[in-house]
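Beneath this line is the structure, given in structure tokens, with notes to follow.
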Amino acid sequence: MSNQLFADVLVEVPVFKNDRTYQYRVPEKLEGLVQFGTRVRVPFGKQKVTGFVVGLSARKAVARVKEIIDLVDESLIFREDQLSLAQWLAGYYFCGTVKALQTVVAPVLKKTTPRAVARLYSAVDPVQLPAVREQLSRAPKKKAAIEAALECPGLNKRELAAVAGVSLSVINQLCAMGLLKVKTDSSMRDPYAHYKIVEQNPVSLTGEQSRAVRDVTRAIQQGGHQVFLLHGVTGSGKTEVYLRCIEQVLRTGRQAITLVPEISLTPQMVRLYKARFGRDVAVLHSRMSDGERYDEWSRIENGSAPVVLGVRSAILAPVPDPGLIIIDEEHEPSYKQDEAPRYHARAVALYRARKSRGVLMLGSATPSLESYCRALPGGSYKLINMTTRINGKNMPRVQLVDMRREVQSGNSGIFSLALLQKMREKLHNNEQTIIFLNRRGFKTLVVCRECGMVLKCPRCDISLTYHADGRLRCHYCNYRVQAPKRCPDCGGNQLGYFGTGTQRVEMELAAALPEARILRMDADTTTRKGSHEQILSAFARGEADILVGTQMVAKGLDLPGVTLVGVINADSTLHMPDFRAGERTFQLLAQVAGRAGRGDKPGEVLIQTFTPEHYAVQAASRHDYSAFFQREVTVRKDMGYPPFAKMVRLLVLGKDDTAVQQAADKIRQHLDGFVTRLNGEKIQIVGPAPAPLARLKEDYRWHIILWSADYRQLRLVMEQFWQVTGGVAPGKDLRLSIDVDPMHII
DNA sequence: GGAAACCCTTAA
DNA sequence: TAAGGGTTTCCC
């Protein structure tokens, strides 16, 4: 009897509790074919499922072993380093290994088959042509089709039928007659085939830029692991620094990954990389087809595309030996995936860079507190500052408009008199305005319109939100109080609600300035592919005077015609029930402020707010990161919030409110048990409390938040929890989501 | 994800 | 005590 072979298989059943391998016998017919990294079909209970082969052995580990039925794909699906990456993701973010592996190799699993495309060519050679024309003289449709095939070879059947103006059956008949031949091409899809590679004149660098390039280059040449935080004001030329550093790493024979936020991966961005690196660039973004993504993926894998440019998931790309990873706008929350595995691209980048002994460069004008803290003296990152703009222009002037005074003087509308006045002025001068508002505000927030006071939880420093039962509630710890009739601070009785949508702003704007041409850009008007670019380019062409929109107007195109940016309500993000609200507000306002005055004329920014004295608003108005950082860091330290603590959020979801709440209570009890058993008294646990978005898509949502300055203790508790519960919610029709290092708590 | 096993209730 | 339903446990 020949030596038998057994395979360890990670079975693809979407249940956390099966986070382990099962052993199957490799049948004779599949010997040599079933290897590490292949996908197989196996019997599992009464059903047949697919699974990943993650190990092979000659020894049987269990008494009853079933046989592998078949191979699913002919080629390998993953390599060893990809499995380790998946295992790291699963361990760090508490998600199933299978789920993590599926995420890591998603483009391969979703690849569209076949990659070969059937194309039609005329089988008629020039010598026979007159004879064939004669033969088809009484078949005009067929004749037209042949002529079309001669003129445009390489179309598929449907395309040829359309070009010739005949039906599909005519084409089929010609194929049967042997006058048309089908050839299969396996050419790669190249979504950017029409892009031209333009050799640019090398731009000369500013002193700050060349210093940055020099520092990073040195680290690349030394070949060790090193992290840089590139803190550069908007317009300081970070992208050129990236490109130069990538050139350097390519010279060492290694590869580079650049991550940009979804909204920044515009055609211009791609063009910039293509112009410098041509076919060496592989682009990965979420709007490309599965087939396109797969093609880029395999070009990365086989080494023909050493430069990767993409969004969050590009950090999982199968780059053989990443020598440099760049994360642009590293503070952007879109780097966090909001479904399992809830990974942060920056954390994954850190893992990969460390593992491959590569350089990681984080770039931002408004770095996250996490990153900036690590870049302080004595931290593990190296800070590089770029403080001047390459065009030498000053940052736009920012004016704060105190909305409390507007209310006092009898204006309770959306727009302050100052903003209206300015908009009229711009309209008159044929200059453009952007009106920015953040729709992510909650209507339930209660603010005193006279003094700007917002009620906060005495325990959490988090804004309280108003509920239909007339009470205010903290969405971290579930603290509740009766809502006051008057402002507890100034005694005023003008307590107001918040949350103004883009549509309402558009309407009121149309009423106030009937002669203005207005464009609106938000999630509702940009559902179609490319509509985002369409609206922006229409605005850039001057087809409207005012653009009203949410965050998406804060980024994207340079709009030189814009000389005024108005922010409707800075407070709507500032008082979100989230410990990062101040940071988000500062980042958004700083970002928006950078939009105005990109052209020749200087720009102006008007920010309306009920709390002009708040440090986040103040610092943003002066373009002063350092002032903001100093204040914010003290708040975080005092409350023991990240980056001074590690945080985990557990969210229970389900259709039945009481069931969800009971499950959350049960989880809390579990956690308390683990904490006492492990002596983890340094761990804070709050909740269960209803999440700020207490009901979403029919689901009720309750959450529990854990945090601790002692990462190891928190980890032990969570590992214990994962082991005992398997990460599933106690109770039927309930779901549990575990979010490690959450970006927001809504 | 789905079948089988287990567990508890209920009604004659 | 068997049937019924709901829930938990396995699946190499």
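Chain naming here is simple, since letters A, B, ... match the order of the sequence lines and numbering starts at 1 in each.
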- In whole Å, what is the span from the CD atom of A:Glu12 to the C1' atom of C:dC11? 16 Å

- Message: If I take atom CG in residue A:Asp19 and atom P in nucleotide C:dT9, what distance separates them, rounded to the nearest angstrom?
- Response: 17 Å

- Take atom CZ of A:Phe44 and atom C1' of B:dA3, then tell me their distance rounded to the nearest Å. 12 Å

- Nearest to side-chain heavy atoms of A:Lys732, which nucleotide of C:dC12, C:dT7, B:dG1: C:dT7

- Can a cation-pi geometry be assigned to A:Lys66 and A:Tyr24, taking NZ or CZ under 6.0 Å from the six-membered ring centre and within 45° of the ring axis? no

- Within this structure, what is the NZ-to-P distance between A:Lys46 and C:dC12, rounded to whole angstrom? 10 Å

- Please determine if A:Lys655 and A:Asp733 form a salt bridge, counting it only when a charged side-chain N lies under 4.0 Å from a carboxylate O. no

- Query: Could you give the CZ-to-P distance, from A:Arg64 to C:dC12, as a whole number of Å?
  - Reply: 10 Å

- Give a yes or no on whether a salt bridge exists between A:Asp578 and A:Arg584, defined as a side-chain N under 4.0 angstrom from a carboxylate O. no

- Query: Checking A:His225 side chain against A:Gly358 main chain: does a donor-acceptor pair fall under 3.5 Å?
  - Reply: yes

- Rounded off to whole Å, could you give me the CG-to-P distance for the A:Leu10 and B:dG1 pair? 18 Å

- Message: Looking at A:Gln47 and B:dG1, is any side-chain donor or acceptor paired with a base atom of the opposite kind under 3.5 Å?
- Response: yes

- Query: Rounded to whole angstrom units, what separation is found between the CG atom of A:Leu56 and the P atom of C:dC12?
  - Reply: 19 Å

- Message: Counting the atoms with a prime plus P, OP1 and OP2 as sugar-phosphate, which does A:Val62 contact under 4.0 Å by heavy atoms, base, sugar-phosphate, or nothing?
- Response: base

- Message: What is the separation between atom CD1 on A:Ile68 and atom C1' on C:dC12, rounded to the nearest whole Å?
- Response: 11 Å

